[in-house]
2 protein chains.
Amino acid sequence: MRWSLDDVPVYVAVVEQGGMTGAAELLGRPKSSVSTAIARLEKGLGIRLLERNSRSQRVTAEGETFYRHAQLILEQAREADATVAGLRADPAGRLTVALPPAFCQEVVAPRLHAFRQAFPKIDLQIVITSHGVDLLREQVDMAVVVGRMVDSDLVTRVLIAGALTCVASPAYLAANPVDEGLEGLRRHIQLCETRYGIKRMPVHVAGQAAVLDLQTGISHVNNPLVVRAAVLNGAGVAPLPRHYVRDQIREGSLIEVQPEVTFDIEASTLSAVYLSRRLMSPRLRAFVDFLAEACR
Amino acid sequence: MRWSLDDVPVYVAVVEQGGMTGAAELLGRPKSSVSTAIARLEKGLGIRLLERNSRSQRVTAEGETFYRHAQLILEQAREADATVAGLRADPAGRLTVALPPAFCQEVVAPRLHAFRQAFPKIDLQIVITSHGVDLLREQVDMAVVVGRMVDSDLVTRVLIAGALTCVASPAYLAANPVDEGLEGLRRHIQLCETRYGIKRMPVHVAGQAAVLDLQTGISHVNNPLVVRAAVLNGAGVAPLPRHYVRDQIREGSLIEVQPEVTFDIEASTLSAVYLSRRLMSPRLRAFVDFLAEACR
DNA sequence: TCCTGTCGTTCAAAATTCTGAACGCTGCGA
DNA sequence: TCGCAGCGTTCAGAATTTTGAACGACAGGA
């Protein structure tokens, strides 16, 4: 990388202001700095970003491409800055959040102490519910929900884009070997989270699309931790979010079955949903960052 | 933002090398530069990144948080650099790609001329198929597929995370007003793309989860453009990827019906899938970047 | 306990970048 | 056709950053 990241904000400003003079004003620096920064960036990248004769300019095709990337870089930088600003501000005040039962128990609870220690002045109120979005406007500052909520005036941040994976206990597998193929797998599924219990679950096996019936003759529970507990005690094979079985797989109390089968479903995604990205309170930012880190 | 982006790569190097000396070696700069860069960054951010006594150091909690953001910034920067390098290299050679019919016709075809003009030396071969992944290893360099393929040794780049939206022609709506509520909507759906034609399509209406039967008594076609053509000619209301109806909505030949209904489904996602991110040929990178830009 | 190798910091000189005024060019209106 | 206003570029001095060597501090082995 033979170019300087510090010239990126300058270039973005020039493109967005439509000229160096405007950019210079926006950035509060002399226009000569802007001019040299652009020249340096072009030299470093080895391409011409702006087609310019001494009076006007337009963005070249390559410049357009680079601009898109530059925006992303800047966005990340601003995100980092906002997070750090939040850390420094020692966020305080009441923060009410809605969390689904399993997520709260499995991911948040074990780390709650660390959060309270890092932000002792945040008065965190947790509401356990699976329908957090309904409370979003009136009663809670943020909700963790299943899926990838798309709503024009809500901001969604994906926490777990977790794929489902099929697992079973070693004891069960020893007693009941699983045949190859989807049908072999299907015969061992006794129990499944309600959300995944659809008749034609689309799956991929080594790139091949197929469907799996997760409804007929299968019991359903609307809590993944119940399914996990059952499977740990020998209730056959069940598809579960990888995030909830990672530890068990590592320590050997669960074994992945046919890991080549991937499930094409949004229902295993968990997202944090809140109102505005720009006017996010430091305490909300701190908590969302904390969740994102906990889910890594 | 009171800190310099140029110090970010230095910090990342220090964290990853576990020390300033190692980082200095990696970056090929004197360690004094590394030391001052870190000190400057800490001052600019207003937080302590590394807890260090004159011999060793460890990353603080805040430093860990910032490191994650720093990685993202750097990743974006590298991505930008690779793209520009690709542009400059004047990519050449044969590139074979697999595209689904509707996507190729609607998104790629109108922009193909621009691509050929920008990269005249790329000998582009297009295979029209809906099962591009199957060809991925042997016959094509890249495939555009429906969904969000998760496969350990495939790289996926989401092109359209498009939500579905329900549309109808103005003439149809004038003659057949749609009642409020999901059931009102349901009565007008006559036709639907095969992929969305499931019995319990999960939807959200203003945050409330619900399901919509898109199977019983509905005709299915496995091509969204056919559905669109039919709806344009009065075939009731149909859910379609927003990306395929954007132009029609703008020019008024289609109208959104109950836009507050959002569909929770991956089937409307389109992704580019290819083998390796690191060893991507310049021509493949050029084409994937072109697709991403076309889908913006 | 002392020695030694290694690590991060400091400092003044050197290189680089930044700055503001002057310059030259171009599009627009008269 | 001409003149002016506004834009990007240039240039030399000023400010900042970079650099390599010297320094101080600590861990581990003798």
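Everything numeric here is computed off the predicted structure, so don't read it as measured data. Residue numbering restarts at 1 for every chain, and letters A, B, ... go by the order of the sequence lines.
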Without decimals, in angstroms, what is the distance between [X] [atom1] and [N] [atom2]?
X      : N       : atom1 : atom2 : value
L5(B)  : dT17(C) : CG    : P     : 16 Å
R58(A) : dG27(C) : CZ    : P     : 13 Å
L49(A) : dG8(D)  : CG    : P     : 15 Å
K43(B) : dT17(D) : NZ    : C1'   : 13 Å
Y11(B) : dG8(C)  : OH    : P     : 14 Å
E42(B) : dT9(C)  : CD    : P     : 8 Å
E51(B) : dG8(C)  : CD    : P     : 14 Å

Using only side-chain N and O atoms of [X], determine if any of them is under 4.0 Å from OP1 or OP2 of [N].
X      : N      : value
Q57(A) : dG8(D) : yes
R40(A) : dT9(D) : no
R52(A) : dT9(D) : yes

**Q.** D6(A) side chain near L5(B) side chain, heavy-atom distance below 4.5 Å
**A.** yes
Check ion pair [X]-[Y] (N to O, under 4.0 angstrom):
X       : Y       : value
R88(B)  : E62(A)  : no
R285(B) : E79(B)  : yes
R250(A) : D247(A) : yes

Q: Return the set of residues passing side-chain contact (heavy atoms from CB on, under 4.5 Å) with S33(A) (not counting sequence neighbours), or none when no residue passes.
A: R29(A), P30(A)
Q: Name all residues meeting the salt bridge (charged side-chain N to carboxylate O under 4.0 Å, His left out) criterion together with R228(B); count only those two or more places apart in sequence or in a different chain, and write none if there are none.
A: E106(B)
Q: Name every residue in residues 16-36 of chain A that has at least one heavy atom under 4.0 Å from any atom of DNA chain D, in order of residue number, or write none if there are no such residues.
A: G19(A), M20(A), T21(A), K31(A), S32(A), S35(A)
